[in-house]
Amino acid sequence: MMRLATERLILPALAVAAVGLVLCATGLAFDFRAMLAGWLPAALFLLGLPLGALTILMVHGLTGGRWGEAIRQPLRALVATLPLALLLLLPVLLRLDLVVPWASADAAALPETVRQKFSYLNVPFFLLRFAACAAIWLVLAWRVLDWTTTDSGRGSAGRGKAYAAGLIAHGLAVTIFAIDWMLSLEPEFSSTIYALLEASAEVVGAYALR
């Protein structure tokens, strides 16, 4: 019954997506900056879903328990959308100067507190960090999808260590990504807990969708 209901939603969902793309293309013709301002939060939200699912699967792989059995397959399906979710960020990468103030032509006019961050907030280093985060997530997604095909509990000691290492790498990538793609939109603002809030929101989003 649930599968039938899901299949009935596919065509309406595709139709809504097509309309959305047409509207984005229209916005692109009129105001590229405004279109990207709307595109970015949507892309970040969609990326957060597979990242949250990845977190949950690795935590369950590390801790074991029956709590993760019923939600494993929906979470695996979410993780499989990660490559597409990453591609949604490409339009922003192409015109980063229209999105973040430190990459714009007027960056030199920003306050001194922001200019002091230019050794970190610069486009080449930003792209390098994004590529590193994307590589970490793609490798983790590939490995976790393989591991969770048959795992039903805590797994072997070696697999537990792999999940622990994966969570550490994932946490580091989420921290860097949250700082780069969210906090740096307002480069004068700083927060030591923002990345944790973002990671928590990703997990909540994945749980809600599954």
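Basis for what follows: all heavy atoms, side chains included, without hydrogens, waters or symmetry-related copies. Small disclaimer: the values here were computed from a predicted structure and weren't measured.
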- Query: Would you find more than 12 non-hydrogen atoms of other residues, nucleotides or ligands less than 6.0 Å from F45 atom CZ?
  - Reply: no

Interatomic spacing from [atom1] in [X] to [atom2] in [Y] - rounded to 0.5 Å:
X    : Y    : atom1 : atom2 : result
L47  : L88  : CG    : CG    : 8.5 Å
I168 : M58  : CD1   : CE    : 10.5 Å
L110 : L121 : CG    : CG    : 10.0 Å
E198 : L44  : CD    : CG    : 7.5 Å
I179 : R129 : CD1   : CZ    : 8.5 Å
R143 : L57  : CZ    : CG    : 14.0 Å

Count I, L, V, M, F, W, Y as connected when their side-chain heavy atoms are under 4.5 Å apart, and connections chain through other members. Are [X] and [Y] then in the same cluster?
X    : Y    : result
L98  : L127 : yes
L90  : W137 : yes
Y194 : Y120 : yes
L167 : W142 : no
W181 : I193 : no

Side chains of [X] and [Y]: does their closest heavy-atom pair fall under 4.5 Å?
X    : Y    : answer
V203 : V59  : no
L75  : T148 : no
P91  : L36  : yes

Shortest non-hydrogen contact from [X] to [Y]?
X    : Y    : result
I56  : A206 : CD1-CB, 4.0 Å
L209 : L49  : CD2-CD1, 3.6 Å
A43  : L89  : CB-CD2, 3.8 Å
A103 : D97  : O-CB, 3.3 Å
A141 : L82  : CB-CD2, 3.8 Å
P50  : A85  : CG-CB, 4.2 Å

Using the rule given for side chain to side chain contact (heavy atoms under 4.5 Å, CB included), can you reason through H170 versus L51, listing the C-alpha separation, both sets of side-chain angles and the distance that settles it, and then say yes or no?
CA-CA 9 Å; H170 180 47; L51 294 183; 4.1 Å; yes

* Indicate the ring-plane relationship of W102 and F126, choosing parallel, tilted or perpendicular according to the 30° and 60° boundaries. => tilted

Between F130 and F177, how do the two ring planes meet: parallel, tilted or perpendicular, split at 30° and 60°?
tilted

Tell me if a side-chain donor or acceptor on N122 pairs with a main-chain N or O of F125 at a distance below 3.5 Å. yes

**Study point:** Backbone N/O of R33 and side chain of R95: donor-acceptor pair under 3.5 Å
**Key:** no

CA sep, side-chain torsions, deciding dist, call: T149, R76, side chain to side chain contact (heavy atoms under 4.5 Å, CB included): CA-CA 9 Å; T149 301; R76 280 171 46 82; 3.6 Å; yes

**Q.** Test side chain to side chain contact (heavy atoms under 4.5 Å, CB included) applied to W39 and V99, step by step
**A.** CA-CA 10 Å; W39 182 278; V99 179; over 6 Å; no

Residues Y207, V204; criterion side chain to side chain contact (heavy atoms under 4.5 Å, CB included); working and verdict: CA-CA 5 Å; Y207 261 124; V204 172; 5.8 Å; no

